[in-house]
Amino acid sequence: MGQKLTKIERMYDTVAKEWAETFSGEHEKKPKDQEILHRFAREIGGRRPVWDFGCGPGNTTKYLKNLGIEISGLDLSEKIVEQARRNCPEVHFQKGNILRLEFQNDSIAAVVAFYAIVHFTKEQVETAFREVFRVLQPGGLFLFTYHIGNEIIHLNEFLGKKVDVDFMFFTTDFIFSCVKDSGFEQIDIIEREPYSGVEYESRRSYVFAGKPVAGKQS
Ligand SMILES: C[S@@+](CC[C@H](N)C(=O)[O-])C[C@H]1O[C@@H](n2cnc3c(N)ncnc32)[C@H](O)[C@@H]1O
């Protein structure tokens with residue numbers, strides 16, 4: 001059993017304003033994020049539509065928009081979505097659940113999801129990857145990030161607010177097999193050390209994965 005989605009939603013509703021203020025423009029302080037997002041933009045080229053799932057207050061969405069990518073954002077928390085709209089008024093943001101996406105099969109050219117799986121159990125990660133695979137067009141591109149490790153960090157207080165939530169770390173072995181089992185190919189995993197003084201001191205991973213042009217062979 002995972003954390004109840006309502007619990008995660010409530011947590012982000014509670015810290016939405018503080019989250020938006022604290023993490024505003026964070027990619028500017030992280031050269032590897034920038035390199036990865038430029039690569040994502042290059043690999044997408046002119047293909048559309050592009051979505052940021054678990055977009056938070058829209059920092060990644062805005063970065064990609066500024067690189068010329070027509071992009072939309074989706075998040076579980078209505079309050080976070082409000083912050084994203086404020087942060088990036090020219091972009092369409094909507095409430096939604098990665099674990100039950102309301103998109104047609106084969107309908108999206110590319111999905112980015114920075115740290116969107118941080119509250120998921122392993123079973124929920126599998127569900128999320130299957131859902132992303134389902135909605136991506138053949139040849140579609142998926143980029144996501146996670147914290148590397150085995151830890152589960154429980155927080156009772158976050159950004160000055162009372163919360164009750166778990167942050168999950170994942171091993172790269174688990175993520176690799178899970179991405180592969182979902183049907184993705186051309187999996188490229190890039191790991192890095194934390195940027196000291198800039199972010200939480202955990203090792204980070206960026207994953208590029210492609211949906212095969214011919215679709216998953218069963
Ligand atoms: C750690 S934050 C990352 C936000 C943003 N991508 C970033 O990197 O700044 C995780 C985000 O995922 C969202 N989220 C969590 N579970 C979700 C779900 N099932 N569907 C959609 N969004 C979800 C949360 O509301 C939160 O905004």
Side-chain angles (χ1 to χ4, degrees), residues 1-30 32-34 36-37 40 50-65 71-88 91 93-103 108 110-132 134-135 142-148 152-155 158-159 161 163-170 194-195 198-200 202 204-207:
M1 268 299 280
Q3 301 182 85
K4 287 227 163 62
L5 281 188
T6 45
K7 195 164 149 181
I8 298 169
E9 184 179 355
R10 205 166 341 127
M11 197 289 276
Y12 280 96
D13 279 351
T14 306
V15 300
K17 189 162 167 289
E18 291 74 14
W19 183 288
E21 286 165 5
T22 307
F23 298 108
S24 165
E26 65 171 340
H27 298 308
E28 306 303 336
K29 303 172 206 149
K30 303 185 187 184
K32 196 70 186 176
D33 282 18
Q34 294 176 35
I36 295 285
L37 290 170
F40 182 68
V50 179
W51 279 84
D52 183 354
F53 287 165
C55 62
N59 294 330
T60 306
T61 339
K62 189 172 184 173
Y63 195 92
L64 287 166
K65 173 81 183 164
I71 186 166
S72 306
L74 172 143
D75 200 279
L76 189 65
S77 155
E78 186 61 51
K79 298 276 183 230
I80 280 276
V81 166
E82 282 170 20
Q83 292 296 329
R85 288 183 185 130
R86 214 164 280 153
N87 182 24
C88 205
V91 167
F93 291 97
Q94 70 185 49
K95 188 171 153 67
N97 180 5
I98 300 167
L99 301 173
R100 207 174 313 126
L101 289 166
E102 293 179 355
F103 294 94
I108 298 179
V111 169
V112 64
F114 266 41
Y115 304 104
I117 64 170
V118 292
H119 303 292
F120 292 168
T121 60
K122 289 182 172 177
E123 292 72 24
Q124 287 172 321
V125 170
E126 286 164 4
T127 303
F129 290 173
R130 275 200 306 271
E131 272 296 82
V132 173
R134 178 182 69 75
V135 302
F142 182 29
L143 166 64
F144 67 94
T145 61
Y146 61 94
H147 300 269
I148 304 169
I152 297 176
I153 296 186
H154 182 78
L155 293 187
F158 188 47
L159 300 172
K161 305 269 183 168
V163 300
D164 169 22
V165 74
D166 290 334
F167 283 80
M168 320 291 196
F169 290 36
F170 299 102
Y195 289 118
V198 167
E199 62 187 3
Y200 183 81
S202 60
R204 312 294 175 109
S205 180
Y206 309 83
V207 181

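What you are looking at is a predicted structure, and each value in this text was computed from that prediction instead of being measured. The basis for the numbers below is simple: all heavy atoms, side chains too, and nothing from hydrogens, waters or symmetry mates. Order of listing sets the numbers, starting from 1, for every ligand and every atom in it.
In terms of protein heavy-atom proximity, atom 9 (O) of ligand 1 is closest to E26 OE2, 3.7 Å. For atom 25 (O) of ligand 1, the closest non-hydrogen atom on the protein side is D75 OD1, 2.6 Å. Atom 20 (N) of ligand 1 has as its closest protein heavy atom I98 N, 2.9 Å. When hydrogens are left out, the protein atom nearest atom 15 (C) of ligand 1 is I8 CG2, 3.9 Å; that is the closest non-hydrogen contact.
Geometrically, ligand 1 and N97 share a nitrogen or oxygen pair separated by less than 3.5 Å. Considering backbone and side-chain atoms alike, Y115 places every N or O at 3.5 Å or more from each N or O of ligand 1. The distance criterion of under 3.5 Å between nitrogen or oxygen atoms is not met by L74 with respect to ligand 1. The N/O atoms of L76, backbone and side chain alike, include one that comes under 3.5 Å of an N/O atom in ligand 1.
For the residues F120, Y12, F114, the heavy atom positioned nearest atom 1 (C) of ligand 1 is part of Y12. Of all the listed residues (G56, A113, G54), G54 holds the heavy atom that lies closest to atom 6 (N) of ligand 1.
D13 and S77 form a side-chain donor-acceptor contact under 3.5 Å, judged by distance and modelled atom types alone. Using a 3.5 Å distance cut-off with no hydrogens or angles, the side chains of D33 and Y206 do pair a donor with an acceptor. Residues R204 and Y195 bring no donor and acceptor atom of their side chains to less than 3.5 Å of each other.
In summary, R130 and E123 do not engage in a salt bridge, as defined by a charged side-chain N under 4.0 Å from a carboxylate O. Between E126 and K122 there is no salt bridge, since no side-chain N of the basic residue sits under 4.0 Å from a carboxylate O of the acidic one. In summary, D75 and K95 do not engage in a salt bridge, as defined by a charged side-chain N under 4.0 Å from a carboxylate O.
Listed by number with element, the atoms of ligand 1 under 4.0 angstrom from any heavy atom of V118 are 1 (C). Ligand 1 places these atoms under 4.0 Å from at least one heavy atom of W19: 1 (C), 2 (S). Shown in contact with G96 at under 4.0 Å from a heavy atom are these atoms of ligand 1, numbered in order with element: 20 (N), 21 (C).
Outside the 6.0 Å centre-distance limit, the rings of H154 and F167 are not counted as a close aromatic pair.
Neither the backbone nor the side chain of P57 has any atom closer than 4.0 Å to an atom of ligand 1 (non-hydrogen atoms only).
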**OP:** Check the pair F144 / Y115 against ring-ring contact (aromatic ring centres under 6.0 Å, His included), numbers first and verdict last.
**Re:** CA-CA 7 Å; F144 67 94; Y115 304 104; over 10 Å; no
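Counting only distance, with no hydrogens or angles, the side chain of E131 and the backbone of L101 share a donor-acceptor pair below 3.5 Å.
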